[in-house]
Amino acid sequence: HNKIATANSTFTFSSLALESTTIRMKRAVVVLLCYAAWVKFCRGLSTTPVDASRRQASLQEKASRVWTTVATATPQEREAEVLPVTKGAIPDGLVGTYYVNGLASCKLPGRLIHPFETHGFFKAIQFRGQAHDNDDEDQRYPTNEVQLRAKYVETPVFKLEKFFRRPLFRGAMSSIADTSTWPGQLLNALSPMERETANLAVRTWANKLIATADNCPFFRLDPETLQTLGVEDFDGGLSGEKMMAHTGGFETRTFGDLLVELRYQQSSDNSALF
């Protein structure tokens with residue numbers, strides 16, 4: 001035992017008790033250090049509001065860059081371009097043409113157009129198959145090649161905007177001028193709300209190749225050259241009618257082949273009729 005004398009009293013304690021207290025203090029320090037390390041690790045897993053804001057800004061910047069690059073890329077028309085197959089192989093005997101309709105560039109001179117209202121860009125991918133022994137030598141094609149043809153659907157909207165090199169039809173989701181100024185507001189107010197661009201659907205009916213979109217008439221294309229031949233109304237049966245895109249032909253036992261289309265119409269009380 002050790003004695004410590006002070007002015008008021010004398011304290012007696014053992015060295016064993018002092019060692020025990022020191023050990024407990026060391027353990028407490030170790031626990032605190034471990035807890036601090038754990039908190040730091042957990043904060044590394046989660047993000048602070050500042051880190052989350054930076055991450056969100058980075059993701060938005062990347063998405064904007066990718067979207068702008070894709071959306072504003074201008075597709076090039078192609079005339080019977082032969083493309084080799086670089087991966088896999090075309091099945092023997094596969095002969096025919098796969099038609100694809102889709103969106104062209106969202107970028108028009110001076111403006112960005114909503115993807116639903118861009119001009120149509122029509123593609124034809126032809127699988128020509130393998131020639132037989134008795135076929136003409138000029139008609140023999142390698143089986144590892146396809147032929148690609150691509151053209152814009154030349155609707156009246158496309159022709160006018162191509163000629164004037166600017167958007168003229170604002171549609172339902174786009175604008176043709178800056179709406180922050182009164183001249184731009186006036187131009188948008190005076191521009192037509194319908195953009196008939198035939199950029200969505202493709203179907204064949206009665207040996208006719210058709211391109212269309214929502215609330216748009218049928219546009220007939222030449223199946224070989226993809227040249228736009230004009231509006232197809234089937235001998236006046238669909239004259240002046242505009243159809244929805246996501247409908248098509250059906251086979252029935254009673255009536256044979258039927259072309260069933262939905263039509264959108266705005267009623268007098270502003271409700272939608274189909």
Side-chain angles (χ1 to χ4, degrees), residues 52-79 81 99-125 148-203 210-221 226-228 230-231 242-247 262 264 266 270 272:
S53 178
R54 291 176 180 174
R55 177 176 175 81
Q56 184 68 20
S58 176
L59 291 176
Q60 289 180 349
E61 180 184 0
K62 181 178 179 180
S64 177
R65 183 172 61 254
V66 172
W67 170 246
T68 302
T69 303
V70 174
T72 60
T74 302
Q76 301 297 321
E77 292 187 327
R78 301 175 185 271
E79 292 286 350
E81 181 176 342
Y99 295 109
V100 183
N101 193 10
L103 311 179
S105 176
C106 295
K107 185 177 182 180
L108 295 180
R111 299 298 297 173
L112 284 176
I113 301 299
H114 192 281
F116 291 174
E117 297 178 333
T118 63
H119 295 301
F121 193 68
F122 204 93
K123 285 80 66 180
I125 304 171
L148 171 66
R149 193 185 301 271
K151 284 185 176 296
Y152 285 93
V153 182
E154 296 185 354
T155 64
V157 175
F158 173 82
K159 292 179 179 179
L160 285 172
E161 294 187 341
K162 181 180 179 181
F163 179 80
F164 287 101
R165 296 186 58 81
R166 62 165 294 119
L168 302 173
F169 300 78
R170 63 185 171 99
M173 304 179 184
S174 304
S175 61
I176 67 169
D178 188 2
T179 58
S180 63
T181 63
W182 71 264
Q185 295 175 2
L186 181 61
L187 285 175
N188 279 294
L190 295 178
S191 63
M193 289 189 61
E194 295 183 353
R195 285 186 61 86
E196 298 173 354
T197 53
N199 60 9
L200 186 57
V202 53
R203 59 179 56 92
I210 304 297
T212 187
D214 280 328
N215 198 27
C216 179
F218 290 163
F219 286 90
R220 183 181 175 186
L221 307 179
L226 300 187
Q227 178 185 355
T228 304
V231 175
K242 298 179 180 181
M243 304 299 174
M244 305 297 288
H246 306 287
T247 52
L262 293 178
Y264 171 83
Q266 196 78 17
N270 292 327

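The structure presented is a predicted model; accordingly, all values stated were derived computationally and were not measured. As a basis for the values below, the full set of heavy atoms in this structure was taken, side chains included, without hydrogen atoms, waters or symmetry mates.
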Do [X] and [Y] come close enough that some side-chain heavy atom pair is under 4.5 Å?
| X | Y | answer |
| --- | --- | --- |
| L160 | F169 | yes |
| V231 | F218 | no |
| Q227 | L221 | no |

Nearest heavy-atom neighbours spanning P75 and S105 | CD-N, 3.8 Å
Minimum heavy-atom distance K123-A150, with the two atoms named |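 Shortest heavy-atom contact: CG-CB, 3.9 Å.
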Spacing of [atom1] belonging to [X] relative to [atom2] belonging to [Y], to within rounding of 0.5 Å:
| X | Y | atom1 | atom2 | value |
| --- | --- | --- | --- | --- |
| Q76 | K151 | CD | NZ | 12.0 Å |
| E77 | F122 | CD | CZ | 13.0 Å |
| S175 | R170 | OG | CZ | 9.5 Å |
| E81 | L148 | CD | CG | 6.0 Å |
| L190 | L168 | CG | CG | 12.5 Å |

Quick check: does any side chain N or O of [X] sit under 3.5 Å from a backbone N or O of [Y], one acting as donor and the other as acceptor?
| X | Y | result |
| --- | --- | --- |
| T197 | T118 | yes |
| T212 | P217 | yes |
| Q185 | T179 | yes |
| N101 | A201 | yes |
| T228 | E154 | yes |
| N188 | I176 | yes |
| R149 | A124 | no |

Would N199 and V153 count as a side chain to side chain contact (heavy atoms under 4.5 Å, CB included) if you check the C-alpha gap in whole Å, the side-chain angles of each, and the deciding distance to 0.1 Å?
-> CA-CA 8 Å; N199 60 9; V153 182; over 6 Å; no
I113 and H119: side chain to side chain contact (heavy atoms under 4.5 Å, CB included), yes or no, with the steps?
-> CA-CA 9 Å; I113 301 299; H119 295 301; over 6 Å; no
Using the salt bridge (charged side-chain N to carboxylate O under 4.0 Å, His left out) rule, collect all pairs that involve residues 105-119, keeping only residues at least two apart or in two chains.
->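 Salt bridge (charged side-chain N to carboxylate O under 4.0 Å, His left out) check on residues 105-119 returns no pairs.
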Go through the structure and list residues passing salt bridge (charged side-chain N to carboxylate O under 4.0 Å, His left out) with R195, not counting sequence neighbours.
->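 Once residues adjacent in sequence are excluded, the partners of R195 under the salt bridge (charged side-chain N to carboxylate O under 4.0 Å, His left out) criterion are E161.
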Angle class for the F158/Y152 ring planes (parallel below 30°, perpendicular above 60°, tilted otherwise)?
->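 Answer is parallel, since the angle falls under 30°.
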